[in-house]
There are 2 protein chains.
Amino acid sequence: MSPKVDSDTLRVLLVDDHDLFRTGLRNLLEEQGVQVVGEAASGFDAIRIVREIAPDVVVMDLNMPGMTGVEATREISSIAPLTRVVVLTISDQDEDVMDAIVAGACGYLVKDSSIEELMRGIKAAAIGESLISPPIASKVLQRMRAVTLDQGAETIRSELSERELDVLRLIANGKDNAEIAEALHISPKTVKNHISNILMKLQIENRIQAAVYAVRSGIV
Amino acid sequence: MSPKVDSDTLRVLLVDDHDLFRTGLRNLLEEQGVQVVGEAASGFDAIRIVREIAPDVVVMDLNMPGMTGVEATREISSIAPLTRVVVLTISDQDEDVMDAIVAGACGYLVKDSSIEELMRGIKAAAIGESLISPPIASKVLQRMRAVTLDQGAETIRSELSERELDVLRLIANGKDNAEIAEALHISPKTVKNHISNILMKLQIENRIQAAVYAVRSGIV
DNA sequence: TGCAAGATGGGCCGTGCGGCCCATAGGCGC
DNA sequence: GCGCCTATGGGCCGCACGGCCCATCTTGCA
């Protein structure tokens with residue numbers, strides 16, 4: 001069985017300003033066994049729902065009135081780093097492609113993709129991988145060489161204080177609270193306080209997820 | 001056992017592209033009773049002379065125009081396995097350290113070593129032992145540890161059963177034992193047993209380190 | 001001057017975790 | 001058939017963990 005990704009357990013939020021598209025997509029995904037835990041018609045709603053229910057994957061349309069999908073993606077990546085955003089938009093000509101990627105999108109699919117392709121994109125995102133429609137993949141790679149280096153790490157780390165990063169690094173090394181306290185010359189209780197703040201800021205549940213986050217973010 | 005090494009009978013070849021250095025070194029060695037049976041200013045000459053006179057020990061500089069000392073060492077080790085090569089090079093910063101070791105160098109000394117140290121290195125090489133300058137030695141050990149760990153990790157990973165890999169993947173997703181049990185349709189107690197086995201096999205302490213290992217190994 | 005935020009701590013408490021013992025069932029090789 | 005390994009499960013236990021209160025002190029900003 002080897003549950004690389006068990007689609008049954010995947011909690012997905014749909015964000016699109018067209019009710020009809022959302023409804024149709026919901027049905028398709030649910031037929032595939034995906035648990036659609038919410039729908040949003042705007043970026044604002046999307047952010048609010050992400051705060052509330054912290055879905056595994058957000059399927060995000062870019063073209064929406066009010067807050068754009070790019071802005072919503074950026075905000076979601078900031079407040080819930082473990083929630084992966086898959087952009088699903090009209091055309092590969094969309095000029096926001098790069099912005100969406102930089103904003104933290106974990107996948108980029110065009111709307112005429114098949115349901116199978118969307119499923120693969122969602123599953124890939126859920127495990128931290130990315131599925132990008134071939135037409136735009138090369139553009140992305142080219143652009144990425146120019147930008148990323150400081151930006152990606154910068155925004156994420158600004159959420160955590162220096163001291164919290166110290167603690168996070170030690171967490172990722174498998175240290176327990178007593179060892180962290182000794183290494184930083186502080187009380188174990190202070191370590192626990194820092195960890196509580198880290199978990200709250202990253203919207204995660206436990207130190208294991210924190211360690212994984214640290215490794216994936218290149219903090220350690 | 002331990003063939004007696006009489007420095008009077010030691011036949012040494014000096015390889016260095018600097019005439020002055022070779023000459024000075026020859027005098028020093030001959031004062032110590034070493035029989036310098038040849039000098040070479042290049043790797044090609046060194047190989048030729050080794051073929052002709054089969055010295056006991058070759059004292060080899062690494063930085064030479066044309067064929068490098070590493071290449072010459074590799075060739076000599078191949079054509080005259082009984083001839084020991086002692087690398088004598090400028091700095092412990094030399095990047096070729098490991099290459100030289102792999103190429104078959106039987107000792108590794110920096111050029112600011114004392115004549116006594118060089119003598120000990122040559123005698124050691126002559127009886128199949130190795131003298132390595134401390135700054136170099138630490139690097140070698142470090143590399144060995146890394147290699148050993150890598151190989152160990154590879155070996156060990158293959159020792160993880162499929163079921164244990166299932167569990168490990170879920171650990172890395174931050175799931176607790178109850179969630180893992182539910183996902184795999186087994187008892188939480190069985191999950192704990194699997195985890196205990198994983199920790200033992202990977203020689204780690206807790207599930208955090210297991211999660212980090214999984215991420216770094218690309219298992220998730 | 002006051003106030004917000006961060007770093008430093010303490011106490012209490014429920015629960016998750018991992019180690020220790022143990023058993024049973026099934027497959028695989030000798 | 002016998003031994004070995006794996007997967008499955010149980011009971012017990014001590015400790016680590018994370019949430020919930022709370023406090024103090026410093027720093028910086030308005």
Side-chain angles (χ1 to χ4, degrees), chain A residues 1-4 6 9 51-54 78-82 154-215 219, chain B residues 155-215 219:
Chain A
M1 58 203 280
S2 177
K4 197 162 187 182
D6 195 347
T9 70
R51 282 190 196 276
E52 289 175 3
I53 63 179
S78 171
I79 64 172
L82 290 181
E154 211 58 54
T155 40
I156 293 172
R157 283 184 202 189
S158 63
E159 295 282 333
L160 296 180
S161 70
E162 262 314 308
R163 205 55 167 163
E164 286 162 352
L165 285 175
D166 290 339
V167 173
L168 181 55
R169 271 184 281 267
L170 291 167
I171 287 176
N173 285 330
K175 309 293 186 186
D176 65 24
N177 291 348
E179 292 171 320
I180 295 174
E182 191 178 1
L184 299 182
H185 307 296
I186 56 180
S187 149
K189 180 56 200 177
T190 303
V191 174
K192 296 180 68 172
N193 286 335
H194 284 315
I195 292 176
S196 290
N197 291 329
I198 291 171
L199 300 184
M200 188 181 54
K201 286 184 177 178
L202 298 183
Q203 298 215 305
I204 54 183
E205 300 296 326
N206 54 51
R207 60 167 54 211
I208 292 96
Q209 292 174 349
V212 170
Y213 166 80
V215 173
I219 292 177
Chain B
T155 312
I156 286 168
R157 185 188 335 181
S158 63
E159 285 180 3
L160 287 185
S161 69
E162 260 314 307
R163 207 54 170 159
E164 287 162 350
L165 285 175
D166 290 339
V167 174
L168 182 55
R169 272 185 280 267
L170 291 167
I171 287 176
N173 284 330
K175 309 294 185 186
D176 64 26
N177 291 348
E179 292 171 318
I180 295 174
E182 190 177 1
L184 299 182
H185 308 294
I186 57 180
S187 148
K189 181 55 203 176
T190 304
V191 175
K192 296 180 69 171
N193 286 336
H194 285 313
I195 292 177
S196 289
N197 290 330
I198 291 171
L199 299 185
M200 187 183 52
K201 287 184 178 179
L202 297 184
Q203 297 208 302
I204 53 182
E205 300 297 325
N206 54 52
R207 60 168 51 211
I208 292 97
Q209 293 174 348
V212 170
Y213 166 82
V215 173
I219 293 177

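Numbered from 1 within each chain, the chains take letters A, B, ... in sequence-line order.
Residues L170(A) and A183(A) share a closest heavy-atom pair of CD1-CB, 4.0 Å. A pairwise comparison of heavy atoms in A214(A) and A172(A) identifies CB-CB, 3.9 Å as the closest pair. Summarising the geometry of S187(A) relative to A181(A), their closest heavy-atom pair is C-CB, 3.8 Å, with the distance given to 0.1 Å. The two atoms that bring I208(B) and A211(A) nearest to each other are CG2-CB, 3.6 Å, heavy atoms only.
Across the protein-nucleic acid pair, H194(B) atom NE2 and dG10(D) atom P stand 13 Å apart, rounded to whole Å. Rounded to an integer number of Å, the gap from E164(A) CD to dT8(C) C1' is 13 Å. One atom, CD1 of I180(A), and another, C1' of dA7(C), lie 16 Å apart when rounded to the nearest Å. The nearest whole Å value for the distance from the NE2 atom in H185(A) to the P atom in dA7(C) is 17 Å. In this structure, the CG atom of L170(A) is 17 Å from the C1' atom of dC17(D), given to the nearest Å. One can place CD of E162(B) at 17 Å from C1' of dT8(D), the figure rounded to the nearest angstrom. Between the CG atom of D166(A) and the C1' atom of dT8(C) there is a distance of 14 Å, rounded to whole Å.
Here side-chain hydrogen bond (donor to acceptor under 3.5 Å, both in side chains) pairs that include residues 174-183 of chain B, with residues two or more places apart or in two chains, are N177(B)-R207(B).
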Contact string for nucleotides 12-29 of chain C, one letter per nucleotide 5' to 3', B = base within protein heavy-atom range under 4.0 Å, S = sugar-phosphate only, - = neither, reads ----SSBBB---------

Per-nucleotide protein contact along nucleotides 24-30 of chain D, 5' to 3', at a 4.0 Å heavy-atom cut-off (B base, S sugar-phosphate only, - neither), is -------

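Which of dG10(C), dA7(D), dG9(D) sits closest to the side chain of S187(A) comes down to dG10(C).
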For residues 190-199 of chain B, tabulate all N or O donor-acceptor pairs below 3.5 Å that involve a side-chain atom, not counting sequence neighbours.
from, atom 1, to, atom 2, distance (Å)
S196(B), OG, K192(B), O, 3.2
N197(B), ND2, N193(B), O, 3.3

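Using a 4.5 Å cut-off on side-chain heavy atoms (C-beta onward), L168(B) and E164(B) make no contact.
Scanning for side-chain hydrogen bond (donor to acceptor under 3.5 Å, both in side chains) contacts around E52(A) gives R48(A), with sequence neighbours left out. Residues satisfying the side-chain hydrogen bond (donor to acceptor under 3.5 Å, both in side chains) test with R163(A), not counting sequence neighbours, are D166(A). With sequence neighbours excluded, the residues that form a side chain to side chain contact (heavy atoms under 4.5 Å, CB included) with Q209(A) are L82(A), I204(A), E205(A), N206(A).
Within the nucleic acid shown, T190(A) comes within 4.0 Å of at least one base atom, counting heavy atoms only.
Fit an axis to the five pairs at each end of the helix from dT1(C)-dA30(D) to dC30(C)-dG1(D) and the two axes sit 50° apart, to the nearest 10 degrees.
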